[in-house]
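Read the structure below first, then the notes.
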Protein chains: 2
Amino acid sequence: MQAVSRPPETTPSAHDRVYRGLRTRIMHGQIAPGQALTLRGLGKEFEVSMTPAREAVQRLVAEGALSMSSSGRVSTPELSNERIEELAALRALIEVELASRALPRAHMALIDRLQTINTAISDVVSNRDAVGYIRTNLEFHRTLYLRAQAPAMLAMCETVWLQLGPTMRALYGRLRRTEAPQYHRLIIAALKAGDEPGLRLAVRSDVTQGLRMLAG
Amino acid sequence: MQAVSRPPETTPSAHDRVYRGLRTRIMHGQIAPGQALTLRGLGKEFEVSMTPAREAVQRLVAEGALSMSSSGRVSTPELSNERIEELAALRALIEVELASRALPRAHMALIDRLQTINTAISDVVSNRDAVGYIRTNLEFHRTLYLRAQAPAMLAMCETVWLQLGPTMRALYGRLRRTEAPQYHRLIIAALKAGDEPGLRLAVRSDVTQGLRMLAG
DNA sequence: CATCCCGTAATGTGATCACAAACCGCCGCT
DNA sequence: AGCGGCGGTTTGTGATCACATTACGGGATG
């Protein structure tokens with residue numbers, strides 16, 4: 001995530017700090033499904049009043065990252081199997097398209113960075129670090145998709161990741177895998193070969209693989 | 001939009017009223033691109049204080065339905081051609097999938113309703129009613145996609161519609177069409193025949209057709 | 001006549017407060 | 001021991017306020 005240019009350097013607003021903090025926590029699976037959150041608690045934790053905390057929470061609820069009961073209480077959602085299947089299908093649809101759009105722009109420097117990230121994934125996997133695995137895995141995908149130059153699609157994609165965050169925690173915390181995802185190697189190989197059908201299949205497989213066993 | 005069961009009948013909160021009111025306005029193209037909005041103005045219009053107005057606006061900004069300047073001023077976005085192309089591609093991806101999932105569940109009653117809506121589209125088109133056209137057209141699509149039983153996908157789809165709302169207003173207000181969309185007939189025919197490839201093609205064509213001339 | 005500058009009005013932000021609803025644990029009853 | 005009602009406490013909601021920042025206008029100056 002290099003920030004090459006940093007023109008304005010404005011201080012982020014309070015609700016943005018809370019929003020971003022919560023968002024990465026959720027996306028990286030640092031919060032278990034069903035975990036309850038309170039506005040005053042969040043406000044105290046981020047050292048702001050209830051107002052910014054409320055805005056951040058409302059926004060995350062709107063994005064499906066948090067669920068709100070009829071009385072207004074918020075918690076991380078516990079997804080049904082049907083919803084997990086839907087979200088996995090959305091990941092497949094959007095990420096295959098993003099990868100396909102990134103392929104013509106994927107030069108050697110990008111592939112090198114992907115390979116570096118992939119070895120980092122092996123490290124966190126051997127350390128049994130579920131959160132680190134999710135974070136590094138998403139970084140692999142985002143690095144590739146950034147080359148697609150499709151910000152609207154990438155935003156949609158990240159929204160889906162966000163919704164799956166707590167569920168992925170439950171998944172990867174449960175199964176104790178010992179190897180890096182094999183489909184990442186297929187993705188890199190397809191990128192090197194300029195093989196678009198192979199890339200689409202590899203991305204689709206990588207996305208579907210993990211979620212299938214959870215929803216199944 | 002029939003509400004078959006209405007169990008709790010709770011009074012919607014103030015920020016929800018503002019949110020929904022603004023949302024349908026934007027999605028139906030009742031606000032031109034670049035139109036500015038103020039919190040106090042919205043609060044006065046919906047007879048609430050600034051707090052609920054702010055929450056509604058923030059949520060719409062998060063969904064991409066409104067854009068916020070660095071100083072916090074909000075307005076409907078003026079989309080670049082690249083972004084329009086992206087959103088059209090997203091519509092194509094998601095709506096083709098939704099239609100495909102709806103196909104096995106599409107019985108005669110659904111097809112009848114779609115035909116009824118389609119004749120309504122002819123009416124509003126002959127009346128040169130751009131807003132009515134957008135609303136009825138979206139109702140056609142939503143009626144079909146509801147049968148897919150895929151709420152997460154439908155929500156994503158509506159988010160894309162929302163982002164395209166002001167732009168569609170500019171588009172359909174400009175070109176003065178005199179006929180109902182021909183691809184809707186193809187969609188209905190493919191539904192009747194159970195022709196999945198034909199349905200996918202028809203939906204993709206219908207979605208892409210309108211936006212192409214705007215972004216081109 | 002154009003341009004720059006400054007003051008006033010308007011706007012977003014965040015804190016605080018009052019209120020109502022919901023949750024939770026305790027106590028008494030059966 | 002199980003269960004239902006009840007009160008205190010927690011929690012979300014919305015209004016209001018003070019403040020900083022910005023946008024916008026007129027007027028003076030070159």
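Chain identifiers are assigned alphabetically (A, B, ...) following the order of the sequence lines, protein sequences preceding nucleic acid strands; residue numbering begins at 1 within each chain. What you see is a predicted model; the values in this text were computed from it and never measured.
Rounded to whole Å, the distance from CD on B:E55 to P on D:dG12 is 12 Å. Across the protein-nucleic acid pair, A:M50 atom CE and D:dT10 atom P stand 14 Å apart, rounded to whole Å. D:dT10 atom C1' lies 14 Å from atom NZ of A:K44, rounded to whole Å.
The nucleotide range of DNA chain C contacted by chain A, defined by atoms under 4.0 angstrom from heavy atoms of the protein and reported 5' to 3', is C:dG14 to C:dC23.
With a 4.5 Å cut-off on side-chain heavy atoms, B:P151 and A:R83 count as touching.
A salt bridge is absent between B:E82 and A:R101; no separation between the charged side-chain nitrogens and carboxylate oxygens falls under 4.0 Å. B:R23 and B:E158 are joined by a salt bridge, as a carboxylate oxygen and a charged side-chain nitrogen come within less than 4.0 angstrom of each other. Here B:R59 pairs with B:E63 in a salt bridge; the nearest charged N to carboxylate O distance falls below 4.0 Å.
Between the side chain of A:E78 and the backbone N or O of A:G34 there is no donor-acceptor pair closer than 3.5 Å. Checking side-chain atoms of B:S100 against main-chain N and O of B:V96 turns up no donor-acceptor pair under 3.5 Å.
Contacts of residues 15-22 of chain B with DNA chain C (heavy atom under 4.0 Å): none.
When heavy atoms are screened at a 4.0 angstrom cut-off, A:L42 is found touching no nucleic acid atom at all. A:T51 comes within 4.0 angstrom of a base, heavy atoms only.
In terms of position on DNA chain C, the residue among B:L39 and A:V48 whose nearest nucleotide sits closer to the 5' end is B:L39. Residue B:S13 is the one, among B:R40 and B:S13, whose nearest nucleotide of DNA chain D lies closer to the 5' end (criterion: closest heavy atom).
Between B:H184 and B:F140, the angle of the ring planes stays under 30°, which puts this pair in the parallel group of the 30/60° scheme.
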Filtered N/O pairs between nucleotides 21-25 of chain D and protein, under 3.5 Å:
none

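Annotation for B:M68 and B:V74: closest pair CE-CG1, 3.5 Å, computed over non-hydrogen atoms.
Considering only residues two or more places apart in sequence or on other chains, B:E55 meets the salt bridge (charged side-chain N to carboxylate O under 4.0 Å, His left out) condition with A:R54. For the salt bridge (charged side-chain N to carboxylate O under 4.0 Å, His left out) test, no residue two or more places apart in sequence or in another chain qualifies with A:R147.
Here side chain to side chain donor-acceptor pair (under 3.5 Å) pairs that include residues 26-45 of chain B, with residues two or more places apart or in two chains, are B:R25-B:E45.
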